[in-house]
Trainee: 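The following block contains the structure, expressed as structure tokens.
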Amino acid sequence: MATSATVEEQAKLVETSKRLAAFQAVKDYLLPEYTRIGIGSGSTVVYVVEAISELGSAVTSKMAFYPTGSQSEELIEAAGLNLQYISKLPAGQQLDVAFDGADEVDDDLNLIKGGGACLWQEKIVAASAKQFVCVADFRKLSTRLGMAWKKGIPIEVLPMAAPRVLGELQRMGSQNPRIRPGLPGKAGAIVTDNGMWIIDAPFPPLLLPKDIEAGSQTGNSTAGVWTVDALADALIKIPGVAEIGLFYGKNGLQLASGAQKPVAAYFGMADGTVEVRTPSS
Ligand SMILES: O=C(CO)[C@H](O)[C@H](O)COP(=O)(O)O
């Protein structure tokens with residue numbers, strides 16, 4: 001009994017933390033004059049939509065909301081918000097802001113995403129926004145990707161290429177990469193909103209430039225030890241890989257468009273506070 005109460009309490013704490021982060025992020029980054037808002041996927045984003053709905057229709061009726069897949073599409077519709085599609089965003093134009101969750105966030109605001117299999121559309125929406133804001137609970141706060149999220153980097157692949165991609169990943173040092181299975185009771189692999197499969201590829205914790213500068217590591221691939229950028233650049237080049245769940249590259253603040261990294265990551269903490277991580281440079 002005591003154990004189950006603890007598990008329940010922990011689950012409640014996590015939900016409270018997600019909600020805190022989401023409400024603070026919306027308060028800080030959703031300005032009433034904004035008209036185009038990206039809405040990511042996952043359980044934390046549910047609270048983002050709740051926070052937005054609480055602003056009332058006088059504010060939200062002038063806004064259009066762009067989903068990152070079927071889950072967030074349903075969320076937007078259920079909240080009575082105006083649904084719009086990124087495919088309808090005129091060339092050269094941007095969303096004002098996009099909110100999304102993450103599976104892990106490192107010291108440099110690189111992200112692992114795709115735990116919910118929506119990474120491809122999530123990356124397109126994030127990169128289409130002037131500002132991408134990440135919302136998460138304390139479990140996602142990390143120093144190096146792969147330290148907290150042990151399931152591996154989600155990689156969206158063309159199904160016919162999956163066996164070959166698995167072989168490439170092993171060669172690159174991934175430990176036991178696996179095709180993600182479908183829901184319990186459903187045979188076969190999980191199929192994304194884009195008709196693709198997901199491979200989860202665990203790698204040893206990914207290094208940052210500061211690790212290389214410190215001289216203790218080389219960041220090369222020989223022992224499967226990679227920097228975030230080197231691994232991401234190599235993964236995306238594998239034939240059959242549609243998109244990868246590493247959101248990396250230049251800091252969001254430095255870019256007018258195309259950023260994959262957030263301008264800020266909000267973490268609801270276990271003590272009821274919200275920690276905000278922003279780019280250091
Ligand atoms: O990348 C994602 C889905 O593809 C999610 O944002 C990520 O898995 C976090 O989800 P949650 O908020 O439920 O922890």
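Indexing begins at 1, ligand by ligand and atom by atom, following the structure's order.
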Trainee: Where does E122 meet ligand 1, judged by heavy-atom distances below 4.0 Å: at the side chain, the backbone, both, or neither?
Mentor: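 Just the side chain.
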Trainee: Is it true that the side chains of D108 and Y248 contain a donor and an acceptor less than 3.5 Å apart?
Mentor: no
Trainee: Using the ring of each side chain (for Trp, its six-membered ring), is F132 parallel, tilted or perpendicular to F247, with breaks at 30° and 60°?
Mentor: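 Correct class here is tilted.
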Trainee: Run the side chain to side chain contact (heavy atoms under 4.5 Å, CB included) test against K140 and tell me which residues pass, sequence neighbours left out.
Mentor: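 If we apply the side chain to side chain contact (heavy atoms under 4.5 Å, CB included) test to K140, skipping adjacent residues, the hits are A136, D137, F267.
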Trainee: What are the atoms of ligand 1, with element, lying closer than 4.0 Å to any heavy atom of C118?
Mentor: 4 (O)
Trainee: Once you restrict to heavy atoms under 4.0 Å, what part of A136 touches ligand 1? Side chain, backbone, both or neither.
Mentor: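 Under 4.0 Å from ligand 1, A136 contributes no heavy atoms.
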Trainee: Kindly identify the option in L111, V14, I198, T44 whose heavy atom sits closest to atom 12 (O) of ligand 1.
Mentor: T44
Trainee: For the residue pair T227 / D229, report whether a side-chain donor-acceptor contact shorter than 3.5 Å exists.
Mentor: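 There is no such pair (donor and acceptor under 3.5 Å, judged by atom type) between the side chains of D229 and T227.
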Trainee: Check each heavy atom of D100 against ligand 1 and say whether those closer than 4.0 Å belong to the side chain, the backbone, both or neither.
Mentor: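 Looking at D100 and ligand 1, just side chain atoms fall under 4.0 Å.
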Trainee: Quick check on side chain to side chain contact (heavy atoms under 4.5 Å, CB included): which of V241, V165, I155 does L235 satisfy it with?
Mentor: I155
Trainee: Counting only heavy atoms closer than 4.0 Å, does ligand 1 sit against the backbone of A117, its side chain, both, or neither?
Mentor: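 Just the backbone.
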Trainee: Suppose I only count heavy atoms of G114 and a 4.0 Å limit; which atoms of ligand 1 are within that range?
Mentor: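 Going through ligand 1 atom by atom, the ones under 4.0 Å from G114 are 1 (O), 2 (C), 4 (O).
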Trainee: Would you please name every residue forming a side chain to side chain contact (heavy atoms under 4.5 Å, CB included) with D96, sequence neighbours left out?
Mentor: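 Here the qualifying residues are Y34, T35, R36, K130.
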Trainee: List every atom of ligand 1 that sits less than 4.0 Å from any heavy atom of G101, numbering the atoms from 1 in the order shown and giving each element.
Mentor: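 Contacts of ligand 1 toward G101, numbered from 1: 6 (O).
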Trainee: If you count the atoms of ligand 1 from 1 in the order shown, which ones are under 4.0 Å from a heavy atom of D103?
Mentor: 1 (O), 7 (C), 8 (O), 9 (C)
